[in-house]
2 protein chains.
Amino acid sequence: MTCAPQNVPFTEGQARACTVREVLDRVGGKWSISILVSASHGPVRFTELERHIEGISRRMLTLTLRNLERDGLLHRTVHPTVPPKVEYVATPMALELYESLVALTNWAERHRRAIAEARTRYDAQHTG
Amino acid sequence: MTCAPQNVPFTEGQARACTVREVLDRVGGKWSISILVSASHGPVRFTELERHIEGISRRMLTLTLRNLERDGLLHRTVHPTVPPKVEYVATPMALELYESLVALTNWAERHRRAIAEARTRYDAQHTG
DNA sequence: CAGTATCCCGTCAGATACTG
DNA sequence: CAGTATCTGACGGGATACTG
């Protein structure tokens with residue numbers, strides 16, 4: 001999935017924007033990151049995830065797990081026991097992604113307050 | 001906007017996931033990054049953006065600009081001339097964000113092929 | 001030029017109930 | 001335990017037409 005028709009030349013900056021979108025298309029979903037984090041410390045079971053991740057529905061857990069597995073970010077192991085036991089674990093690729101997010105979380109922490117203030121200011125300005 | 005009720009203790013990992021979501025809530029939109037990139041090299045006008053960003057609609061351009069301005073990532077200047085001239089430029093905070101995305105784009109480039117292959121494999125496996 | 005105003009549709013996500 | 005099935009509403013985003 002490309003960002004623009006390949007025959008259209010675009011600037012290096014927009015190419016970069018396109019690359020960022022690739023990432024967002026994988027882990028931009030509401031629950032993807034939480035799941036990856038939980039599965040980055042070792043195998044976790046379905047119900048464990050359901051308990052650890054506040055507010056997720058069974059449906060969205062399943063869907064997001066499937067997508068992450070499809071993209072090669074999660075590995076799924078089925079133990080043919082009774083009752084069934086299924087474990088999910090982050091792949092090396094996903095662990096690298098996790099590392100790459102550090103810069104981003106640092107940014108968010110540094111500017112959390114400034115963003116909140118900007119919002120308040122904007123909303124005050126644009127009322128009435 | 002918090003990720004979970006504040007009275008619920010959660011692990012450090014989930015706190016990090018929450019922080020990542022903060023960023024995604026700002027720039028997770030389909031066009032946010034493209035706009036920020038365009039406005040990071042100096043002031044750009046509305047119509048310039050419309051031309052440079054392949055496929056964006058006038059409506060989404062306006063909406064995304066407003067949101068970015070509200071979050072303090074973009075600064076908007078209106079020149080009271082005829083015809084009107086409005087310029088947008090990325091704030092220092094947005095430039096820092098742009099820097100923080102480098103790690104992420106590197107990750108995407110390194111694993112682009114692996115992800116595509118994983119998808120193909122998964123889809124082949126789950127057909128029929 | 002730099003927007004608004006409408007209408008419309010597809011996808012994301014929640015709620016609930018059922019099952020191998 | 002680990003899902004699937006179905007229904008539903010909210011929201012993001014596209015197309016088009018109009019305006020100070």
Side-chain angles (χ1 to χ4, degrees), chain A residues 1 3-5 17-18 21 24-35 38-39 43-71 74-89 122 125-126 128, chain B residues 1 3-5 17-18 21 24-35 38-39 43-71 74-89 122 125-126 128:
Chain A
M1 174 203 325
C3 290
C18 175
R21 279 239 51 84
L24 295 183
D25 288 341
R26 318 288 163 201
V27 297
K30 183 169 178 181
W31 304 106
S32 307
I33 297 286
S34 294
I35 292 177
S38 291
V44 269
R45 302 181 61 174
F46 187 88
T47 314
E48 273 184 282
L49 287 167
E50 203 178 4
R51 273 198 310 269
H52 289 7
I53 301 174
E54 178 86 21
I56 195 171
S57 68
R58 190 158 290 181
R59 179 181 128 83
M60 286 317 295
L61 179 54
T62 304
L63 283 179
T64 311
L65 284 171
R66 293 291 171 273
N67 282 329
L68 292 174
E69 186 195 354
R70 182 160 108 102
D71 288 337
L74 233 47
H75 186 243
R76 178 171 179 265
T77 314
V78 182
H79 298 87
T81 58
V82 180
K85 176 177 179 179
V86 179
E87 285 181 319
Y88 296 90
V89 65
Y122 183 95
Q125 214 89 24
H126 298 252
Chain B
M1 175 202 322
C3 289
C18 175
R21 279 239 52 85
L24 295 181
D25 288 341
R26 318 288 162 204
V27 297
K30 183 169 179 181
W31 304 105
S32 307
I33 297 286
S34 295
I35 292 177
S38 291
V44 268
R45 302 182 60 173
F46 187 89
T47 314
E48 271 184 283
L49 287 166
E50 202 177 4
R51 274 198 309 270
H52 289 7
I53 300 174
E54 178 87 19
I56 195 170
S57 67
R58 190 158 290 182
R59 177 181 128 84
M60 286 316 295
L61 179 53
T62 304
L63 283 178
T64 312
L65 285 172
R66 292 292 171 273
N67 282 327
L68 292 174
E69 187 196 354
R70 181 160 108 103
D71 288 337
L74 232 49
H75 186 243
R76 178 170 179 265
T77 314
V78 182
H79 299 86
T81 58
V82 179
K85 177 177 179 180
V86 180
E87 285 182 320
Y88 296 90
V89 64
Y122 183 96
Q125 214 89 26
H126 299 251

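For B:Ile35 and C:dA2, the CD1 to C1' distance is 14 Å, given to the nearest whole Å. Going from atom CG of A:Leu61 over to atom C1' of C:dA15 covers 15 Å, rounded to whole Å. In this structure, NZ of A:Lys30 is placed 14 Å from P of D:dA10, rounded to the nearest angstrom. When the P atom of D:dG14 is taken as reference, atom CD of B:Glu54 falls 12 Å away, rounded to whole Å. Here D:dT8 presents its C1' atom at 15 Å from CE of A:Met60, a figure rounded to the nearest Å. Rounded to whole Å, the distance from CD on A:Glu50 to C1' on C:dA15 is 13 Å. As rounded to whole Å, 4 Å separates atom P of C:dA2 from atom CZ of B:Arg45. Atom NE2 in B:His52 sits roughly 12 Å away from atom P in C:dA2 (whole-Å rounding).
In this structure, C:dG20 and D:dC1 make a Watson-Crick or G-U wobble pair, each of the two defining distances being under 3.5 angstrom.
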From CA spacing to verdict: side chain to side chain contact (heavy atoms under 4.5 Å, CB included), B:Met60, B:Ser57: CA-CA 5 Å; B:Met60 286 316 295; B:Ser57 67; 3.5 Å; yes
Verdict with reasoning, B:Phe46 to B:Thr62, per side chain to side chain contact (heavy atoms under 4.5 Å, CB included): CA-CA 9 Å; B:Phe46 187 89; B:Thr62 304; 3.6 Å; yes
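Between A:Pro84 and A:Ile56, the residue anchored closer to the 5' end of DNA chain C is A:Ile56, taking for each the nucleotide with the nearest heavy atom. Both A:Glu48 and B:Gly28 lie close to DNA chain D; mapped to their nearest nucleotides by heavy-atom distance, the more 5′-ward contact belongs to A:Glu48. Comparing B:Gly55 and A:Val86 by the nucleotide of DNA chain D whose heavy atom lies nearest to each, the residue mapping closer to the 5' end is A:Val86.
Between B:Arg58 and B:Glu50 the shortest side-chain heavy-atom distance falls below 4.5 Å. Counting heavy atoms from C-beta on, the side chains of B:Asp71 and A:Tyr122 never come closer than 4.5 Å.
Remark: A:Ser57 is not in phosphate contact with C:dA13, judged by side-chain N or O atoms under 4.0 Å from OP1 or OP2. Residue B:Tyr88 places no side-chain N or O under 4.0 Å from the OP1 or OP2 atom of C:dC1. Taking side-chain N and O atoms only, B:Arg58 has no distance below 4.0 Å to OP1 or OP2 of D:dC18. For D:dA2, neither phosphate oxygen OP1 nor OP2 lies less than 4.0 angstrom from any side-chain nitrogen or oxygen of A:Arg76.
A salt bridge does not link A:Glu87 to A:Arg76: none of the charged nitrogens lies less than 4.0 Å from a carboxylate oxygen.
Residue contacts for B:Thr62: at a heavy-atom cut-off of 4.0 Å it reaches a base atom on one of the strands shown.
Within 3.5 Å, a donor on the side chain of A:Arg59 pairs with an acceptor on the base of C:dA13, or the reverse.
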